[in-house]
Amino acid sequence: MAQKPSIPKGTRDFSPHEVARRNYIIGIIRQQFELFGFQPIETPAMENYDTLMGKYGEEGDRLIFKVLNSGDFLKKVSPGSKSLQDVRELTPLISEKALRYDLTVPFARYVVMHQNEIDFPFKRYQVQPVWRADRPQRGRFREFYQCDADVVGAGGIIQELEFIQLYDRVFTALGLGGVTIKINHRKILSGIAETIGAGNHLTDFTVALDKLDKIGREKVEAEMLEKGIPAEAIEKAAPLFELGGTASKQFSALRELLSRSTTGMEGVAELEEILSLTEALGLESASCKVDITLARGLNYYTGAIFEVAAPETVPMGSIGGGGRYDDLTGIFGLPGVSGVGISFGLDRIYLVMEALDLFPASLEQAVEVFCLNFGKEEARAALRLVLRLRSRGIRADLYPDQAKIPKQFKYADRKKVPYVVLIGNEELQAGTFMVKDMATGEQQAYDLEQWESFSRLLKP
RNA sequence: GUGGUUGUAGCUCAGUUGGUUAGAGCGCUGGAUUGUGGUUCCAGAGGUCGCCGGUUCGAGCCCGGUCUUCCACCCCA
């Protein structure tokens, strides 16, 4: 190889150690998804360009990876045309496909395409990679996994309650206690914008408000001004900046502020109901709290919105998010289908769990039993034992070469094997095998013909 | 997309105002130890200093470009 090989920026290889840990997280998430009645689907890595573009706002369009057309991709571009000067005009001419940016829009597309086969309400989950042409940082990659669960065709607030429970169960099962599920309601945000007279700046308003606890009130106000929100409007929003204390205090303050906004009042009522029912149901290890500044950028949310924050001790952006979107499939020609969904950010959850040292040590063990190789005859006896153990569902292996015993032991040690089996000449003559417990150093001999008494120790 | 930062042995990192042969710890290989790992001792191997170009008698060190890492914006899982 003349040049050192490399992989694209923001992508990663995963070695066995990491895959074991990732699969552990995915396994728990899947298990909980299925316990809650969700069924898995998968969609292609590539979608049509038009399916994705325009669904995530201007910023989103920029972050979508476009796939260059095959063959003569310039054939639709006339030489000297203006489109050569403007990428936004040029891109659709040379690209008809793009990499999946999230799992929600492809799901909406799926629902529309398969609407006649689907029994509504439809609960699906999906664990697949997505791609964003973002600049990488810690916990931010260009290729990363999302684990989504969504329900389409179900109104009411039962689903919202279920998703809060689902978040709690997954993080509890992962041993990741102390996460905060922040909830807000899009109708409250529109109500506020409407009330203060910034209705046509809803997105700018919420995006700026979202930064309140990060950059402080003054800078938020400055950003709102800069985006063209009138000063009087910002002044009217003052109660928001001072919002604090208990949930009930926040709700009464919101009621006062939003008294003349039907939409806003609806949002307050719904959020309050969700919160009180969640309190009544109880959570195992997560806490749930209202956060009026929570905005979430995606503009398709219309109802409750969620975001999960890692425990405060770990610096990390959100590790999950979601919400209700009343009419996502409308853009693909199927109006009136509501949906709610949440997403788990696998890669970030991994980093948080790593920082808190929450992965079980047993994930390191590729095999439970490892036989040393003492030579031709001995190895044959060992192989028979290995095959028998495997037939009992015990992960077992044999060192393939007759290497020096310390070297084989060292190999077993590095692989964190709990039990090493020795069948040397002595054992072969006696018809036994020696089992060494690597943690305690104790050794115990077993009759080769009574191997099952050993296997029962591992798998009763 | 904007501004900054990082890159030296398999890994973590030293490396002086530019000066001969680029170092350490861990790991690896061999030996003390032909049936006992995780502890010890001895020896050894391992480097186009990210890549390309420039300045200089001379570049790991200075300059430009590029790729990568991480950080702050933007935005987000």
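Labels below follow one simple rule: chain letters A, B, ... track the order of the sequence lines, proteins then strands, and each chain is numbered from 1.
- Put simply, Lys211(A) has a side-chain N or O that comes within less than 4.0 Å of OP1 or OP2 on rC75(B).
- A gap of 32 Å separates the P atoms of rG64(B) and rC75(B), to the nearest Å.
- Each of Val130(A), Val127(A), Leu103(A) was compared with Asp148(A) under the side chain to side chain contact (heavy atoms under 4.5 Å, CB included) criterion, and only Leu103(A) meets it.
- One finds no side-chain N or O of Lys416(A) lying less than 4.0 angstrom from the OP1 or OP2 phosphate oxygen of rG37(B).
- Look at Lys407(A) and you won't find any side-chain N or O under 4.0 angstrom from OP1 or OP2 of rU36(B).
- A sub-4.0 Å separation between OP1 or OP2 of rU69(B) and a side-chain N or O of Arg138(A) is absent.
- Partner assigned to rA45(B) is none, using Watson-Crick or G-U wobble distances below 3.5 angstrom.
- Checked against the 6.0 Å centroid criterion, the rings of Tyr110(A) and His114(A) qualify as a close aromatic pair.
- Salt bridge annotation for Asp150(A)-Arg124(A): present, with a cationic side-chain nitrogen under 4.0 angstrom from a carboxylate oxygen.
- If you measure from atom CD of Gln443(A) to atom C1' of rG35(B), you get 9 Å, rounded to the nearest angstrom.
- Comparing the C1' positions of rG10(B) and rG47(B) gives a spacing of 12 Å, expressed to the nearest Å.
- Within 4.0 Å (heavy atoms only), Phe141(A) reaches at least one base atom of the nucleic acid.
- With a cut-off of 3.5 Å on both Watson-Crick or G-U wobble distances, the partner of rG3(B) is given as rC71(B).
- Using a 4.0 Å cut-off between charged side-chain N and carboxylate O, Asp326(A) and Lys187(A) make no salt bridge.
- Using a 4.0 Å heavy-atom distance criterion, Ala309(A) is classed as making no nucleic acid contact.
- The nucleotide rC26(B) finds its pairing partner in rG10(B), both defining distances of the Watson-Crick or G-U wobble pair being shorter than 3.5 Å.
- Across the protein-nucleic acid pair, Asn373(A) atom CG and rU34(B) atom P stand 18 Å apart, rounded to whole Å.
- Across all strands, Gly441(A) comes closer than 4.0 Å to base atoms (heavy-atom distances).
- Among the heavy atoms of the strands lying under 4.0 Å from Gly10(A) are primed sugar atoms or P, OP1, OP2 only; no base atom is included.
- Under the stacking definition used here (centres under 5.5 Å, planes under 30°), the residue Phe344(A) fails to qualify as stacked on the base of rA77(B).
- Following rounding to the nearest Å, Asp102(A) (CG) and rA77(B) (P) show an atom-to-atom distance of 8 Å.
- In terms of polar N and O atoms assigned as donor or acceptor, the side chain of Lys436(A) comes within less than 3.5 Å of the base of rU36(B) in a complementary pairing.
- The aromatic rings of Phe433(A) and Phe454(A) lie perpendicular to each other, with more than 60° between the two planes, well past the 30° mark.
- Because its NZ or CZ atom is both nearer than 6.0 Å to the ring centre of Tyr145(A) and within 45° of the ring axis, Arg22(A) counts as a cation-pi partner of that residue.
- Heavy atoms of Leu422(A) sit under 4.0 angstrom from at least one base atom.
- Note on Gly60(A): nothing from the nucleic acid sits closer than 4.0 angstrom, heavy atoms only.
- Residue contacts shown for Gln146(A) are limited to sugar-phosphate atoms, with no base heavy atom under 4.0 Å away.
- Judged by atom type and distance alone, Arg135(A) does not reach the base of rC75(B) through any side-chain donor-acceptor pair under 3.5 Å.
- The base of rG37(B) sits with one of its N or O atoms less than 3.5 Å from a complementary donor or acceptor on the side chain of Asp413(A).
- The side chain of Arg140(A) lies closest to rC75(B) when the candidates are rC75(B), rG37(B), rC71(B).
- We find that CZ of Arg348(A) is positioned 11 Å from P of rC76(B), with the value rounded to whole Å.
- In this structure the side chain of Tyr56(A) reaches within 4.5 angstrom of the side chain of Asp102(A), judged on heavy atoms.
- Along RNA chain B, the nucleotide nearest Glu442(A) and the nucleotide nearest Pro136(A) are compared for position; the residue whose nucleotide lies closer to the 5' end is Glu442(A).
- To the nearest angstrom, P of rC75(B) lies 14 Å from CZ of Arg132(A).
- When Watson-Crick and G-U wobble pairs are counted only if both distances are under 3.5 Å, rU33(B) pairs with no nucleotide at all.
- Counting atom types as modelled, Glu378(A) pairs no side-chain N or O with a base atom of rG35(B) as donor and acceptor under 3.5 Å.
- For Lys9(A) and rU68(B), the shortest distance from a side-chain N or O to OP1 or OP2 is below 4.0 Å.
- Contacts of Gly320(A) with the nucleic acid, taken as non-hydrogen atoms under 4.0 Å apart, involve only primed sugar atoms and P, OP1 or OP2.
- One interatomic measurement links the two molecules: CD of Glu223(A) to P of rC74(B), which rounds to 6 Å at whole-angstrom precision.
- Across all strands, Ser343(A) comes closer than 4.0 Å to no nucleic acid atom at all (heavy-atom distances).
- Rounded to a whole Å, the CZ atom of Phe374(A) is 9 Å from the P atom of rU36(B).
- Taking atom CG of residue Asp134(A) and atom P of nucleotide rC73(B), one finds them 13 Å apart after rounding to whole Å.
- Across all strands shown, Glu307(A) has no heavy atoms under 4.0 Å from either base or sugar-phosphate atoms.
- Taking the centre and axis of the six-membered ring of Tyr399(A), the NZ or CZ atom of Lys407(A) falls outside the cone set by 45° and 6.0 Å.
- Judged by distance alone with a 3.5 Å cut-off, no donor-acceptor contact links the side chain of Gln408(A) to the base of rU36(B).
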